[in-house]
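Each remark here refers to the structure printed beneath this line.
The sequence lines fix the lettering, A, B, ..., with proteins before strands; numbering per chain opens at 1.
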Number of protein chains: 2
Amino acid sequence: MTRPRPARLVRSERATRDGIPEATVSRLPFYLQALTALAERGVATVSSEELATAAGVGSAKLRKDLSHLGSYGTRGVGYEVQYLIYQISRELGLTQDWKVVIVGIGNLGHALANYGGFTSRGFTVAALVDADARVVGETVAGLTVTGLDSLDQTVSSLGIQIGVVATPGPAAQEICDRLVAAGVTGVLNFAPCVLTVPDGVMVRRVDLATELQILAFHEQRRAAGRLAGEMPAEPQDLSEALGAIGEPRTTLTKSRAEAAG
Amino acid sequence: MTRPRPARLVRSERATRDGIPEATVSRLPFYLQALTALAERGVATVSSEELATAAGVGSAKLRKDLSHLGSYGTRGVGYEVQYLIYQISRELGLTQDWKVVIVGIGNLGHALANYGGFTSRGFTVAALVDADARVVGETVAGLTVTGLDSLDQTVSSLGIQIGVVATPGPAAQEICDRLVAAGVTGVLNFAPCVLTVPDGVMVRRVDLATELQILAFHEQRRAAGRLAGEMPAEPQDLSEALGAIGEPRTTLTKSRAEAAG
DNA sequence: AAGCGCTTGTGAACGTATGCACAAAGTTGC
DNA sequence: GCAACTTTGTGCATACGTTCACAAGCGCTT
């Protein structure tokens with residue numbers, strides 16, 4: 001049942017119409033960062049080559065990315081730094097101020113609340129919320145931590161659009177549900193679990209351990225290559241596997257604070 | 001083997017032998033997390049459909065990802081949870097213990113040092129380093145913070161392989177250089193800048209503000225769609241752009257100081 | 001042993017992303 | 001005003017990633 005099919009595809013830059021490729025969007029913040037650094041040094045214009053180097057990408061990729069926003073460069077000259085900063089900011093929606101609530105004021109929540117990178121880029125941390133009565137009432141980064149009870153009212157009355165979940169894993173889904181019910185339409189999830197949300201709500205997950213694991217993969221690979229040339233790592237025996245990982249149903253991770261009631 | 005094969009197909013499958021696609025690697029930690037959760041609940045076997053749901057991906061993608069590691073499933077049954085946990089762990093290099101140094105014990109450094117997700121997954125935070133004399137000597141997460149002077153010796157004597165840079169941006173490159181010189185071969189960078197490293201050293205960048213910006217992009221786009229049906233937002237508001245930035249686009253050599261007034 | 005239902009593993013189609021190379025379009029110098 | 005030079009924007013080729021659809025394989029029942 002083989003059907004010969006001509007691979008002819010008439011596809012004319014459809015993404016340009018109003019959609020920017022996801023890969024491009026994910027790089028825009030880096031360009032913005034590099035441009036801001038250049039602006040602070042008083043640089044007025046920059047070529048794609050220079051900007052690409054500053055952002056850690058190739059110049060062709062940079063140009064193609066920017067071309068999705070429009071023709072904002074001048075041939076023979078380059079890009080005007082201030083103008084490009086504005087265009088990228090506008091595209092990312094940073095010309096308006098976004099209100100953020102951070103839920104879970106543990107170590108990470110503290111760090112996020114005090115993180116300057118948020119406020120300096122169009123984001124306002126408008127509220128801090130925690131379940132622990134010992135933390136409620138505390139002042140962190142100039143804000144008083146409130147309890148979980150008032151979460152719904154806080155979000156809706158302040159008009160908060162984005163929620164940052166920095167709670168332990170088991171509590172995350174419930175917090176997320178309440179955030180969404182209160183009107184939040186974007187969630188940044190630091191908890192090590194998948195959050196289920198209705199259509200129209202976006203979740204981005206950031207897992208610090210994941211990043212280390214990806215790093216470890218490449219480290220290990222590199223180390224293995226050095227030790228044995230190009231010897232492929234063969235699957236090990238099952239007995240060894242079970243021995244290394246432990247018996248079935250043994251505790252793989254230790255204690256975890258339970259916040260679900 | 002019963003079916004005739006196209007002549008030049010072998011090359012694309014070659015990546016499977018010792019190379020796993022980067023996109024797959026980036027998802028393995030999520031599968032591992034989901035599997036660990038299942039194991040804690042005493043689940044013995046799991047189908048690709050169930051595991052995919054738990055990990056937040058499609059089942060076809062999951063199966064293809066796992067197929068790059070080998071044939072570790074049983075048709076008609078699914079995957080044995082413990083065995084798969086071991087196989088993914090081994091592939092990620094988590095069967096050995098990785099030693100990590102965290103440089104920059106500010107808010108974020110504190111959070112990272114206390115973050116349980118590291119230690120529970122094959123990573124040992126072996127040292128904490130900070131430049132600030134007021135922080136040096138402090139005990140964080142059971143470790144004493146040491147000064148920058150001893151960074152090189154700490155890394156090499158403890159055999160640390162991975163460095164986590166949680167310093168302010170301007171200091172990051174110098175710290176990174178010293179880490180690499182001392183023997184670190186993997187760097188996790190939380191500073192908002194590009195780190196330049198020699199070949200053979202890997203850098204992964206995590207920027208918290210970047211994640212929020214990507215979220216804002218989608219939020220803004222969705223909001224625009226609601227206001228105007230599905231009308232594409234045309235980026236032609238040149239006058240608005242100029243008003244916000246304050247500098248005419250046509251004069252490229254004009255200084256920023258003039259535009260400020 | 002044969003049939004049936006279920007699930008994996010994978011070929012193939014489709015879509016997206018990347019990098020090269022160069023024409024188009026600007027600036028500079030004379 | 002024109003030629004030489006610089007840099008953008010993009011068509012094209014290729015690589016990579018995702019999704020579909022289904023044969024192959026396994027266990028269970030008859």
Review point. Would you say B/Gln173's side chain and B/Thr196's backbone share a donor-acceptor pair under 3.5 angstrom?
Key: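 Looks like yes, one N/O pair under 3.5 Å.
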
Go through the structure and list residues passing side chain to side chain contact (heavy atoms under 4.5 Å, CB included) with [X], not counting sequence neighbours.
X	value
A/Ala52	A/Val57, A/Ser59, A/Leu62
B/Pro170	B/Pro168
A/Val203	A/Val187, A/Asn189, A/Leu195, A/Val197

Please report the distance, rounded to the nearest Å, between [atom1] in [X] and [atom2] in [N].
X	N	atom1	atom2	answer
B/His68	D/dT18	NE2	P	10 Å
B/Arg63	D/dA23	CZ	P	15 Å
A/Glu80	C/dG26	CD	C1'	15 Å
A/Leu62	D/dG9	CG	C1'	12 Å
B/Leu66	C/dG9	CG	P	8 Å
B/Gln87	C/dG9	CD	P	12 Å
B/Asp65	C/dT8	CG	P	14 Å

Point to revise | Residue pair A/Val81, A/Thr45: steps toward the side-chain contact (heavy atoms from CB on, under 4.5 Å) verdict | key: CA-CA 5 Å; A/Val81 174; A/Thr45 62; 5.5 Å; no

Point to revise | Phosphate-side-chain proximity, A/Tyr72 and D/dT7, N/O vs OP1/OP2 below 4.0 Å | key: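 Result: no.
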
Exercise for review: Please determine if a side-chain N or O atom of A/Ser47 lies less than 4.0 Å away from the OP1 or OP2 oxygen of D/dT7.
Suggested key: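 No, no such contact exists.
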
Review point. Near DNA chain C, which residues from residues 50-59 of chain A have a heavy atom under 4.0 Å away?
Key: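 Contacts with DNA chain C under 4.0 Å: none.
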
Review point. Considering residues at least two apart in sequence or located in another chain, which fulfil the ring pair (Phe, Tyr, Trp, His ring centres under 6.0 Å) criterion with A/Phe30?
Key: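 Partners of A/Phe30 by the ring pair (Phe, Tyr, Trp, His ring centres under 6.0 Å) criterion come out as none, since no residue qualifies.
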
Review point. Excluding sequence neighbours, so at least two apart, what forms ring pair (Phe, Tyr, Trp, His ring centres under 6.0 Å) with B/Phe217?
Key: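 B/Phe217: no ring pair (Phe, Tyr, Trp, His ring centres under 6.0 Å) contacts found.
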
Scan [range] for pairs that pass salt bridge (Lys or Arg N to Asp or Glu O under 4.0 Å), counting only residues two or more places apart or in two chains.
range	value
residues 26-39 of chain B	B/Arg27-B/Asp65
residues 41-61 of chain B	none
residues 184-203 of chain A	none

Check your understanding: Quick one: side-chain hydrogen bond (donor to acceptor under 3.5 Å, both in side chains) partners of A/Arg204, sequence neighbours excluded?
Key ->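 Result, side-chain hydrogen bond (donor to acceptor under 3.5 Å, both in side chains) vs A/Arg204: B/Glu211.
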
Please list, pair by pair, any protein nitrogen or oxygen found under 3.5 Å from a nitrogen or oxygen in nucleotides 26-29 of chain D.
unit_1: D/dC26; atom_1: O4'; unit_2: B/Arg75; atom_2: O; d: 3.4

Under-3.5 Å N/O pairs linking protein and nucleotides 12-17 of chain D:
unit_1: D/dC12; atom_1: N4; unit_2: A/Lys64; atom_2: NZ; d: 3.2

